[in-house]
Participant: 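My questions will all concern the structure given below.
Just so it is clear, the model here is predicted, and its values are computed rather than measured.
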Amino acid sequence: MRLSNKICIITGSGSGIGQSSAFLFAQEGATVIVNDLDAGKGNETVEQIRAAGGQADFIRADVTNPEEVSQLVQEVIAKYGRIDVLFNNAGISGVGALHEIEPDAWDRIMSINIKGVYLPSKYVLPHMMEQKFGSIINMSSCIAEIGLARRASYAATKGAVLSLTKSMQVDYASYNIRVNALLPGTILTPFVENYLKSSYDDPDAAIASLKSRQLSGDLGRPDDVAKAALFLASDDSKFMMGSPLYIDGGVVFGKNA
């Protein structure tokens, strides 16, 4: 029970990596605050956690809306009195070389993937500073470290999140707050599966191509990232500060012959 009695907020936890993390955190003893734009998926996640004997609440909030994020944090503090872990997981993907990306699409991904880390952190941090402890986990990507075709907007956001993580750590280390980043490779989430089916004439060939660039020869699963998030949320990672944690199947540091 590595998160026994801890209060954990996970943004974007109605599906995919966020949902898997919510299930795992609850299994490890946490009270999980499930946050998502989709109330149906968010409440379904909470119901599954409770059915398994875990503790969870759903709070709908748009992570790009200051008033809604502030209200989310206020509700958690009013009910539980503290926040031990913030997992800034919410995010979207973006496809296209720079000249192909329309300004509205650029602004949207910047808002969700960067502002969606800034705002929850901004409103949670004063409470963690007052209580003198906390763990913040930011979702970056291995794309922050490599070049990948037609991912300009997504890469820009994930590079920004990684740099933000390091700067946050310097500012808040004296408050016993740890800030670390997850850098996954390609993870076979429902979003990725739907994207491959809708964007490629031969989704199986597309998946095979994705697998070939990873030393593991396979794609990651949401649970792979959830287990890494659990490590960063728990005291097992107490000596990790401002660190990138790769869960990428060998994309960044390996190359097949």
Side-chain angles (χ1 to χ4, degrees), residues 1-13 15-35 45 48-49 52 54-56 82-91 117 120-121 124-125 128 131-145 158 161-170 172-173 175-189 214-216 218-254:
M1 302 295 280
R2 284 174 283 180
L3 298 179
S4 181
N5 299 317
K6 291 189 180 293
I7 310 301
C8 305
I9 298 175
I10 306 177
T11 66
S13 47
S15 63
I17 293 169
Q19 184 184 63
S20 291
S21 299
F23 292 156
L24 185 57
F25 282 26
Q27 289 170 16
E28 291 287 338
T31 295
V32 181
I33 311 304
V34 175
N35 160 255
T45 299
Q48 291 184 50
I49 290 172
Q55 302 291 322
R82 69 183 198 280
I83 297 167
D84 302 299
V85 177
L86 169 63
F87 181 10
N88 286 311
N89 166 74
V117 172
S121 300
V124 165
L125 274 163
M128 288 186 171
Q131 67 197 26
K132 299 287 188 184
F133 64 85
S135 175
I136 296 178
I137 306 161
N138 293 332
M139 183 64 82
S140 181
S141 165
C142 73
I143 201 171
E145 301 278 16
K158 294 307 182 179
V161 168
L162 181 55
S163 292
L164 176 62
T165 298
K166 295 174 182 180
S167 290
M168 288 172 65
Q169 184 61 89
V170 174
Y172 301 108
Y175 295 94
N176 196 31
I177 298 170
R178 298 186 301 108
V179 189
N180 293 290
L182 292 172
L183 278 69
T186 302
I187 307 299
L188 197 59
T189 62
Q214 305 196 157
L215 291 181
S216 63
D218 198 3
L219 302 183
R221 300 301 189 270
D223 277 352
D224 294 321
V225 187
K227 290 171 184 176
L230 171 63
F231 172 65
L232 293 180
S234 75
D235 291 339
D236 290 347
S237 59
K238 64 183 180 180
F239 206 55
M240 289 186 68
M241 303 180 75
S243 300
L245 180 56
Y246 300 90
I247 321 99
D248 68 348
V251 171
V252 172
F253 297 113

Participant: Would you confirm whether Thr45, through its side chain, and Gln19, through its main-chain N or O, come within 3.5 Å as a donor-acceptor pair?
Facilitator: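 Between the backbone of Gln19 and the side chain of Thr45 there is no qualifying donor-acceptor contact (under 3.5 Å).
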Participant: Assess whether side chain to side chain contact (heavy atoms under 4.5 Å, CB included) is satisfied between Arg82 and Phe133, documenting all intermediate values.
Facilitator: CA-CA 10 Å; Arg82 69 183 198 280; Phe133 64 85; 4.2 Å; yes
Participant: Once the angle between the rings of Phe25 and Phe87 is folded into 0 to 90°, is it parallel (under 30°), tilted (30 to 60°) or perpendicular (over 60°)?
Facilitator: parallel
Participant: In Å, rounded to the nearest 0.5 Å, how long is the span from CG of Asp235 to CG of Leu3?
Facilitator: 8.5 Å
Participant: Does the side chain of Val225 come within less than 4.5 Å of Ser20's, by heavy atoms?
Facilitator: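 No, their side chains stay 4.5 Å or more apart.
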Participant: Atom SG in Cys8, atom CD1 in Ile10: separation rounded to 0.5 Å?
Facilitator: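 Here the rounded value is 6.5 Å.
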Participant: Donor-acceptor pair, distance only, cut-off 3.5 Å: does the side chain of Gln214 make one with the backbone of Thr186?
Facilitator: yes
Participant: Taking Asp248 for the side chain and Pro184 for the main chain, is one N or O donor matched with an acceptor at less than 3.5 Å?
Facilitator: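 No; zero donor-acceptor contacts below 3.5 Å.
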Participant: Where the side chain of Glu28 meets the backbone of Arg2, is there a donor-acceptor pair that is under 3.5 Å apart?
Facilitator: yes
Participant: Should Ser13 and Asn89 be marked as a side-chain hydrogen bond (donor to acceptor under 3.5 Å, both in side chains) after you check the CA-CA gap, both sets of side-chain angles, and the distance that decides it?
Facilitator: CA-CA 7 Å; Ser13 47; Asn89 166 74; over 6 Å; no
Participant: Any donor-acceptor pair under 3.5 Å linking the side chain of Asn138 with the backbone of Asn88?
Facilitator: no
Participant: Within the structure provided, determine whether Ser15 and Thr189 are in side-chain contact (heavy-atom separation under 4.5 Å).
Facilitator: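 Not in contact.
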Participant: Above 12 or not: heavy atoms from other molecules or residues under 6.0 Å from CD of Gln55?
Facilitator: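 Counting neighbours around CD of Gln55, 12 or fewer heavy atoms of other residues, nucleotides or ligands fall under 6.0 Å, so no.
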Participant: Calculate, to the nearest 0.5 Å, the distance between atoms CZ and OG belonging to Arg178 and Ser237 respectively.
Facilitator: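 Taking CZ in Arg178 and OG in Ser237, the distance rounds to 3.5 Å.
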Participant: Of all the heavy-atom pairs spanning Val252 and Cys142, show the shortest one and how long it is.
Facilitator: CG2-CB, 3.5 Å
Participant: Any donor and acceptor pair, going by atom type alone, linking the side chain of Lys158 with main-chain N or O of Met139 inside 3.5 Å?
Facilitator: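 The answer is yes, because a donor-acceptor pair under 3.5 Å joins these two groups.
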Participant: Taking all non-hydrogen atoms of both residues, which atom of Gly254 and which atom of Leu215 are closest, and how far apart?
Facilitator: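 Of all heavy-atom pairs spanning Gly254 and Leu215, the closest is CA-CD1, 3.4 Å.
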Participant: Begin with the C-alpha distance, continue with both residues' side-chain angles, and end with the deciding distance and a verdict on side chain to side chain contact (heavy atoms under 4.5 Å, CB included) for Glu145 and Leu162.
Facilitator: CA-CA 10 Å; Glu145 301 278 16; Leu162 181 55; 3.8 Å; yes
Participant: What's the spacing between Ile9 CD1 and Asn35 CG if we round to 0.5 Å?
Facilitator: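 Answer rounded to 0.5 Å: 8.0 Å.
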Participant: If you measure from NZ on Lys6 to CE on Met1, what distance do you get to the nearest 0.5 Å?
Facilitator: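 Here the rounded value is 12.5 Å.
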Participant: Return the minimal non-hydrogen interatomic distance between Ala22 and Val32, and the atom names on each side.
Facilitator: O-CG2, 3.7 Å
Participant: Tell me the closest heavy-atom pair linking Ile49 and Ala26, and the distance in Å.
Facilitator: CG2-CB, 3.5 Å
Participant: Walk me through it: do Ile136 and Leu125 pass the test side chain to side chain contact (heavy atoms under 4.5 Å, CB included)?
Facilitator: CA-CA 9 Å; Ile136 296 178; Leu125 274 163; 3.7 Å; yes
Participant: Quick check: are there more than 12 heavy atoms from other residues, nucleotides or ligands sitting under 6.0 Å from CZ of Phe231?
Facilitator: yes
Participant: Given 3.5 Å as the limit, does a donor-acceptor pair link the side chain of Ser135 with the main chain of Leu232, or not?
Facilitator: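 Side chain of Ser135 to backbone of Leu232: a pair is present.
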Participant: Side chains of Met168 and Thr165: closer than 4.5 Å at any heavy-atom pair?
Facilitator: no
Participant: Any donor-acceptor pair under 3.5 Å linking the side chain of Asn180 with the backbone of Ile137?
Facilitator: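 Absent.
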Participant: Please walk me through it: do Tyr172 and Met128 pass side chain to side chain contact (heavy atoms under 4.5 Å, CB included)?
Facilitator: CA-CA 9 Å; Tyr172 301 108; Met128 288 186 171; over 6 Å; no
Participant: How close do Ala228 and Ile247 get, heavy atom to heavy atom, and via which atoms?
Facilitator: CB-CG1, 3.7 Å
